[in-house]
> 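There's a structure below that I have some questions on.
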Number of protein chains: 2
Amino acid sequence: MTIQEKLPGGRREMTGTQSIRRSFAIVRHLAGASQEGEKLVDIANAMELPHPTAHRILKALEDEGIVERAEGTQRYRLAAETAWLGVAPFNRCPITRYASPHLDELVAQTGSSVLLSVPSHIDSVYADRRIGNLPSLLSQAEIGSRRPLGAGTGGRVMLAHMSPERLDSVLEQNAARYAQYRAGPETVRRDVAEARAQGFLVGNSPLSREGRVVAVAVRDVTGRAIGAISLVGPRSQGFERRIEGLLPQMRGAAREIAARIQQQRVTMRCQMPIPPRAAAG
Amino acid sequence: MTIQEKLPGGRREMTGTQSIRRSFAIVRHLAGASQEGEKLVDIANAMELPHPTAHRILKALEDEGIVERAEGTQRYRLAAETAWLGVAPFNRCPITRYASPHLDELVAQTGSSVLLSVPSHIDSVYADRRIGNLPSLLSQAEIGSRRPLGAGTGGRVMLAHMSPERLDSVLEQNAARYAQYRAGPETVRRDVAEARAQGFLVGNSPLSREGRVVAVAVRDVTGRAIGAISLVGPRSQGFERRIEGLLPQMRGAAREIAARIQQQRVTMRCQMPIPPRAAAG
DNA sequence: CCGCCGCTGTCCGGAATGTGGAAAGCGGCC
DNA sequence: GGCCGCTTTCCACATTCCGGACAGCGGCGG
């Protein structure tokens with residue numbers, strides 16, 4: 001089976017790096033997977049790769065130290081190495097470090113759960129969190145877990161403060177993935193516009209039916225989103241009414257975090273470049 | 001030029017993943033490079049790759065979001081993405097988080113600079129630090145910067161509490177690199193033995209001639225090293241005499257950090273697998 | 001006990017992918 | 001203008017990677 005057959009419009013991009021891209025796609029996939037790791041077959045299926053190919057790549061990743069087998073089982077998961085590779089970049093933009101006290105304060109004063117999200121490639125990652133009075137609302141929001149950027153309220157608020165090119169690119173690439181969050185590119189684009197207009201966004205938690213979410217963006221000096229703070233509360237009149245009052249504090253936290261990052265000696269571009277669209281199918 | 005010509009003893013390993021390994025070697029290299037990034041040619045030279053090859057790989061890494069061009073220049077450096085990929089593994093072993101207050105305490109009470117190192121592949125990485133009275137001693141120890149595991153005192157202390165296989169593998173692979181730190185595998189092995197025997201190690205700072213270093217290992221529940229705490233002081237009688245007195249506090253800090261990590265719900269293997277030796281030359 | 005099943009790991013012929021020498025931009029400096 | 005250092009593109013070649021087929025392995029049920 002040749003592949004050259006495809007490429008209808010003669011589009012020919014991202015050539016000569018197939019295996020590298022595949023390996024990073026696997027890393028990204030595992031980054032969002034559960035702590036217990038994933039079986040080879042599941043990874044292969046998720047990546048739409050034949051088992052032997054996935055196996056070969058994972059073996060390479062394993063002895064590069066990027067991936068390890070969860071104890072007892074044969075399941076693959078990311079190893080600590082992955083964290084240490086990111087130490088230097090993290091210290092140029094230590095958003096979790098500076099956000100930490102603000103998250104503490106928010107959960108203490110509101111009782112709602114708090115999430116800190118950051119954009120990674122075309123995903124939104126939970127970088128940190130605090131659990132409030134209703135832990136059930138957060139059941140799926142493990143630290144490090146991922147969703148398509150734009151699926152959740154935090155993601156939409158971040159998209160609202162990204163370059164138009166990046167917004168388009170993300171929406172295009174995530175279009176199919178939105179379905180399982182009962183959304184589509186249009187829904188997302190509408191909320192993004194709203195978030196941009198009012199400076200925050202209220203939405204439903206796609207994780208649990210009863211959750212309601214308020215999110216504001218954390219923006220760097222250029223105005224670009226480098227993260228989002230979300231408060232998660234119950235679907236109740238009480239919470240809905242309090243939202244208005246919560247906003248100033250959330251905005252203040254976002255501003256202070258951004259300011260502290262800005263103070264750092266090395267100014268860094270915290271936002272990502274525009275992810276390239278996938279090859280023509 | 002065929003490569004098949006080599007392989008004297010018929011050794012044939014790590015096949016079918018050349019480009020993946022190369023790309024991660026580049027990532028590792030950049031992880032240790034300076035904030036300002038590196039030029040294409042320098043990367044290519046360091047990796048012993050032809051420029052076009054390095055270029056192709058870097059381009060792939062760039063639109064995977066792993067690498068970015070430093071603002072203004074064309075230099076390559078790791079992007080924030082790298083940090084977010086590591087969020088989940090980091091939260092299984094958040095050594096910097098738990099170490100932070102202990103580092104504060106150590107620098108406050110001793111006035112010496114403090115370093116937290118972690119093992120990454122065959123390197124030692126500075127995961128965090130506190131600057132004491134003599135900042136000059138730390139000039140080269142940026143957070144995220146790397147040295148061959150075993151080149152410094154912290155690295156030797158970590159090696160002292162790793163599996164014999166891993167020790168051998170690291171020594172073999174780093175043998176050549178030790179030269180520029182005025183050491184060799186034998187020197188390292190001797191210090192490793194000493195560190196294992198006495199539970200700590202005193203050595204010279206390879207970074208600045210005048211520095212003197214005391215290091216203890218942070219060990220997980222199985223006894224394996226997951227990091228090292230180092231105190232850096234001047235080459236003076238005064239500092240030398242105080243070392244004895246500093247040890248209990250350092251040991252205490254190491255134990256408490258390990259204990260807190262242990263308390264976490266998910267027990268994790270913090271140490272790395274044995275890195276494979278390079279292909280036969 | 002043996003066959004079945006789901007999964008992991010290995011083999012190997014074939015070709016697409018990755019390679020790297022050569023050369024073309026590109027900007028700065030003398 | 002010519003030189004120089006660096007980045008980027010090109011393209012023919014063959015090495016690296018691909019993936020179907022199969023072997024191995026442990027658990028389960030008949």
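Chain letters run A, B, ... following the sequence lines, proteins first, then strands; residues in each count from 1.
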> Any side-chain heavy atom of R146(A) sitting closer than 4.5 Å to one from S124(A)?
no
> Can you measure R75(A) atom CZ to dT8(C) atom C1' for me and round it to whole angstrom units?
13 Å
> So if I take every side-chain heavy atom of R56(B) and compare against dT8(D), dG20(C), dC11(C), which nucleotide ends up nearest?
dG20(C)
> Is the phosphate of dG9(C), meaning OP1 or OP2, less than 4.0 Å from a side-chain N or O of Q74(A)?
yes
> I want to confirm an ordering. Mapping E38(A) and I20(A) to their closest nucleotides on DNA chain C, which one lands closer to the 5' end?
E38(A)
> Which comes earlier along DNA chain D counting from the 5' end, the contact point of L40(B) or that of P50(A), where each point is its nearest nucleotide?
L40(B)
> Give the ring-plane orientation class for W84(B) versus F90(A), where under 30° counts as parallel, over 60° as perpendicular and anything between as tilted.
perpendicular
> Has H55(B) got a side-chain N or O lying under 4.0 Å from the OP1 or OP2 atom of dT7(D)?
no
> Using the side-chain heavy atoms of K39(B), tell me which of these nucleotides is nearest: dT19(C), dG9(C), dT7(D).
dT7(D)
> Let me know the distance between CD1 of I57(B) and C1' of dT8(D), rounded to the nearest Å.
15 Å
> Please tell me if K59(A) has a side-chain N or O lying less than 4.0 Å from either OP1 or OP2 of dT10(C).
yes
> Just compare dT17(C), dT8(C), dT7(D) and give me whichever is closest to any side-chain atom of Q18(A).
dT17(C)
> Nearest whole Å is fine: how far is dG9(C) P from L61(A) CG?
14 Å
> Taking 4.0 Å as the cut-off, does a side-chain nitrogen or oxygen of Y76(A) come that near to OP1 or OP2 on dG9(C)?
yes
> Under 4.0 Å, counting only non-hydrogen atoms across every strand here, what does T53(A) touch: a base, just sugar-phosphate, or nothing?
base
> I want to check one thing: is the phosphate of dC17(D), taken as OP1 and OP2, less than 4.0 Å away from some side-chain N or O of S19(B)?
yes
> Taking atom P of dT19(C) as reference, at what distance in whole Å does atom CZ of R21(B) sit?
14 Å
> Which nucleotide wins on minimum distance to the side chain of H51(A), given the candidates dT7(D), dT8(C), dG20(D)?
dT8(C)
> Rounded to the Å, how far apart are R22(A) CZ and dT16(D) C1'?
13 Å
> Minimum heavy-atom separation for A79(A) to E68(A), with atom names?
CB-OE1, 3.7 Å
> Assess whether a salt bridge exists between D63(B) and R21(A), defined as any Lys/Arg side-chain N lying under 4.0 Å from an Asp/Glu carboxylate O.
yes
> Mind calculating the distance between CG (L49(B)) and P (dT7(D)) to the nearest angstrom?
14 Å
> Quick one: are E64(B) and I20(A) in side-chain contact, heavy atoms under 4.5 Å?
no
> Output the rounded distance in Å from CD (E48(B)) to P (dT19(C)).
16 Å
> Can you measure N45(B) atom CG to dG20(C) atom C1' for me and round it to whole angstrom units?
14 Å
